[in-house]
Amino acid sequence: QIRYSIPEELDHGAFVGNIAEDLGLDVAKLSARRFRIVSGAKKQYLEVNLENGILFVNEKIDREELCERSPSCFLHLQVVIENPLELYRVEVEILDVNDNSPSFPWTEFNLDITESAAPGSRFPLESAQDQDVGTNSLRSYQLSANQHFVLNIQTRNDGSKFAELVLDTPLDREQQKRHEMVLTAFDGGSPERSGTALITVTVLDANDNVPVFDRSVYRASLVENAPRGTLVLKLNATDLDEGSNGEVTYAFSGHAPLKVRELFSVDPYMGEIRVKGVVDYEKASVYELYVQAKDRGPSAVAVHSKVLVDILDVNDNAPEVILTSVSTPVQEDASPGTVIAVISVMDRDSGENGNVDCQIPNNVPFQLHSSFKNYYTLVTSEPLDRETVSEFNITLTARDLGSPSLSTRRTILVQVSDINDNPPRFSQPSYTVYVTENNAPGASICSVSAFDPDSNQNAYLSYSILEGQIQGMPVSTYVSINSDNGNIYALRSFDYEQLRNFQILVQAQDAGFPPLASNVTVNVFVLDQNDNAPVIVSPLPKNGSVATEVVPRSVDAGYLVTKITALDADAGQNSRLSYQVIQATDPGLFSVALYTGEIRTIRRLVEKDATRQRLVILIKDNGQPPLSATASIVLTVVDSVPESLSDFGDLTLSPKPPSNIALYLIVSLSTISLIFLVAIIVLAAVKCYKDRETHSGISSASKVPTNCMEVNGNSSFSQSYCYKACLTPESAKSDFMFLKPCSPSSTPRNNEAKNADNSWNAHSRSASVNN
């Protein structure tokens, strides 16, 4: 706490003190720390220059207006600075200057004094008033020179002075009826000031008895704010004279202060002193009333008495609450004990009526601490959470200890500012998305959403897909995401047969500092679509012609002729295949199993049955809409199969890649077939030469059955090689057919190989079959 002293009536800008230097503060930081002074006065008399820290006069100070007649006058200031919050108390004493001259209520006083007045009789005079205090206040009186009167100066309990005119020598009306004197009042200022009044004394004939008060001093108690007309006390004075000389009238003495005359009245006949104005204990706790009693006779002499009125305080002033400083909003991570507001309370009553207690509700995370008397700080008592409560309306109740108690309520709004303390939260712990294959690139496949309970920038979310790989490729080549709304888009058309499911990791990040993020897994399942028609695995066409099989004529009903094998790259019902005969040479001779594709005989073969039976099989999947393929097969009915040709069935081929080795194998087999064909022709020619009669028997012989050699792998996609040699006695040449490696999925390489093989041996196959 620091104190300054300045005289009153200083002009605007007058220097009071370097408050920044006296408090040890950095002048450069005054503005940044919101340096300010708070005064309880109605006017802002003093102000601080934030550029140099000097406290200066902002408005001219009139001490008499500010503190009235108080012997000491202080301006109580509170200095508030923030970051961190600090409080200082400053007292500025306002020194009185001699700017008021003593003055009398009237410029002329008239006194009636009987000539019988004894020397030593006293006559109170109107007091001069000087608004200054201390040495500048009224100091003395002086009476001009005369023959009969002297001046006696008296001092009241409050230190004020008043003059009494004292008769020094007897008066003689017959010699002089009128006396005039000048009364001068001086103050103690420098330079000295004065005021004058003319006293005119009229000498009256004698009225030898004066009224006498029953008490020299009266004392009474009065409750403040007593209604007008309230009786304070009743004066009583008696006069032993009779008639008008014994009738007593009452009035205030001439030196009764004007303020007393405004607050109280005296009934001139009854002597009752009553309340006239508003009596306030806070302005004065006791009043001195000077009264006089005078009879109505000629040459009446007034006698005087003093009345002391003690004012009793009542609890008529509610506490006043002043918010000196409020720091709002406060960050939600503010530690307990952070100062939110500085509060001062004041009660103009006295004693218990002026003692004030402040409270706030218990259900708020704040506390009141008392730093000085009647000064409180509002601090946080526990951590704040803006997401739970974003602002508090704190009701401060200031209650005095009077009876009945008076209280004042003041609401303090404390807003909580947000910090980035909440990561984004996705609406689901994980997402599962089903996408039908062959989707359109660029179409949205799903949307993810997250919520951040923070506010403003801390709640603004952006979405991204974390780096990863799908089948060796960056995930960014498969999907993308809208960073604003979380919509996920497919960047390519998915193929169930190549990619059935994959995972992506989506991150939601807020725009706070530092940013917070959360991740969520999105599981994408590709749903199958019936986009693959069945593919025939076996039997395969030979040399661009239809597939052929040999059926012995002697087989019974139910004989397994061959099996149609097909695959569908789709899944589920889309890959479930069914088989049916849609075209047959003899519909009643062969049947195909609905789900296995096995071709069996319905009955035994008879002589009249054609030796060449053609079947067209429809292979259809169970998708919607269904896709299908057809397989054509020619079944050749023979009586028997030569053993020598059937031995070819024991040959196997190594499952080597069908590159140059396949070519070598084709050349080798072609050479062997040619040698075998030449041998057969030679044998046939020799036999024809020896016995022409047997020609018909030979010509009636059945066709030699086909010999096949297959090399199969473990899976349905294994490559297979097949060759067939068909010989007849009537044929002039043999047909050799080599079947390329085949698989359910025809790759470009397989298609090229097939075209190459077909172009290489696309010759007399149809002729041999038709024969």
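These numbers come from a predicted model, not from an experiment.
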Does the side chain of [Y] come within less than 4.5 Å of [X]'s, by heavy atoms?
X: K43; Y: L66; value: no
X: I94; Y: V92; value: yes
X: R228; Y: V278; value: yes
X: I113; Y: V203; value: no
X: L77; Y: R89; value: no
X: L413; Y: V326; value: no
X: N58; Y: H12; value: yes
X: E192; Y: D187; value: yes

[X] versus [Y], closest heavy-atom pair with distance:
X: L233; Y: A220; result: CD2-CB, 3.5 Å
X: A226; Y: V275; result: O-CG1, 3.9 Å
X: A318; Y: S407; result: CB-O, 4.2 Å
X: F35; Y: L25; result: CE1-CD1, 3.6 Å
X: V248; Y: A237; result: CG2-O, 3.8 Å
X: V321; Y: A398; result: CG2-CB, 3.7 Å

If you round to the nearest 0.5 Å, how far is [atom2] of [Y] from [atom1] of [X]?
X: Y250; Y: K234; atom1: OH; atom2: NZ; result: 8.0 Å
X: C358; Y: N374; atom1: SG; atom2: CG; result: 8.0 Å
X: E47; Y: E59; atom1: CD; atom2: CD; result: 11.5 Å
X: D168; Y: N152; atom1: CG; atom2: CG; result: 11.5 Å
X: S265; Y: I273; atom1: OG; atom2: CD1; result: 8.5 Å
X: L125; Y: L165; atom1: CG; atom2: CG; result: 5.0 Å

Tell me whether [X] contacts the main-chain N or O of [Y] through its side chain, where contact means a donor paired with an acceptor under 3.5 Å.
X: E82; Y: P84; answer: no
X: D313; Y: S350; answer: yes
X: T380; Y: G337; answer: yes
X: Q44; Y: L46; answer: yes
X: E224; Y: V314; answer: yes
X: T107; Y: A197; answer: no
X: T249; Y: K294; answer: yes
X: N98; Y: P191; answer: yes
X: T328; Y: Q415; answer: yes
X: R399; Y: S405; answer: no

If you count every heavy atom of other residues, nucleotides or ligands that lies below 6.0 Å from [X] atom [atom1], does the total exceed 12?
X: N393; atom1: CG; value: yes
X: K306; atom1: NZ; value: yes
X: Q147; atom1: CD; value: no

Full working for side chain to side chain contact (heavy atoms under 4.5 Å, CB included) between V79 and V48: CA-CA 10 Å; V79 176; V48 174; over 6 Å; no
If only side-chain N and O atoms count, and only distance matters, is there a donor-acceptor pair under 3.5 Å linking D349 with N317? yes
Test item: side-chain donor near acceptor, S344 and Q78, under 3.5 Å: no
Which residues share a side chain to side chain donor-acceptor pair (under 3.5 Å) with E180, sequence neighbours left out: none
Does the pair V212 and V303 meet the rule for a side chain to side chain contact (heavy atoms under 4.5 Å, CB included), with working shown? CA-CA 7 Å; V212 177; V303 295; over 6 Å; no
Show your reasoning for whether side chain to side chain contact (heavy atoms under 4.5 Å, CB included) applies to Y4 and D22. CA-CA 11 Å; Y4 297 103; D22 295 339; 2.5 Å; yes
Mind running side chain to side chain contact (heavy atoms under 4.5 Å, CB included) on V80 and L85 for me, showing each step along the way? CA-CA 7 Å; V80 181; L85 181 68; 3.8 Å; yes
Under the rule for disulfide (SG to SG under 2.5 Å), what residues qualify as partners of C67, not counting sequence neighbours? C73
Do the side chains of E320 and R410 get close enough for a salt bridge, i.e. N-O under 4.0 angstrom? no
Does the pair R122/E164 count as a salt bridge with the N-to-O cut at 4.0 Å? yes
In chain order, what residues pass the salt bridge (Lys or Arg N to Asp or Glu O under 4.0 Å) check against R63, with sequence neighbours excluded? none
Write out all pairs satisfying ring-ring contact (aromatic ring centres under 6.0 Å, His included) with one or both partners inside residues 282-305, taking only residues at least two apart or from two chains. F162-Y290, H255-Y290, F264-Y287
Determine which pairs satisfy ring-ring contact (aromatic ring centres under 6.0 Å, His included) with at least one residue from residues 124-149, sequence neighbours left out, and list them in order. H148-H179
Under the salt bridge (charged side-chain N to carboxylate O under 4.0 Å, His left out) rule, what pairs show up with a residue in residues 245-255, not counting sequence neighbours? E247-R296
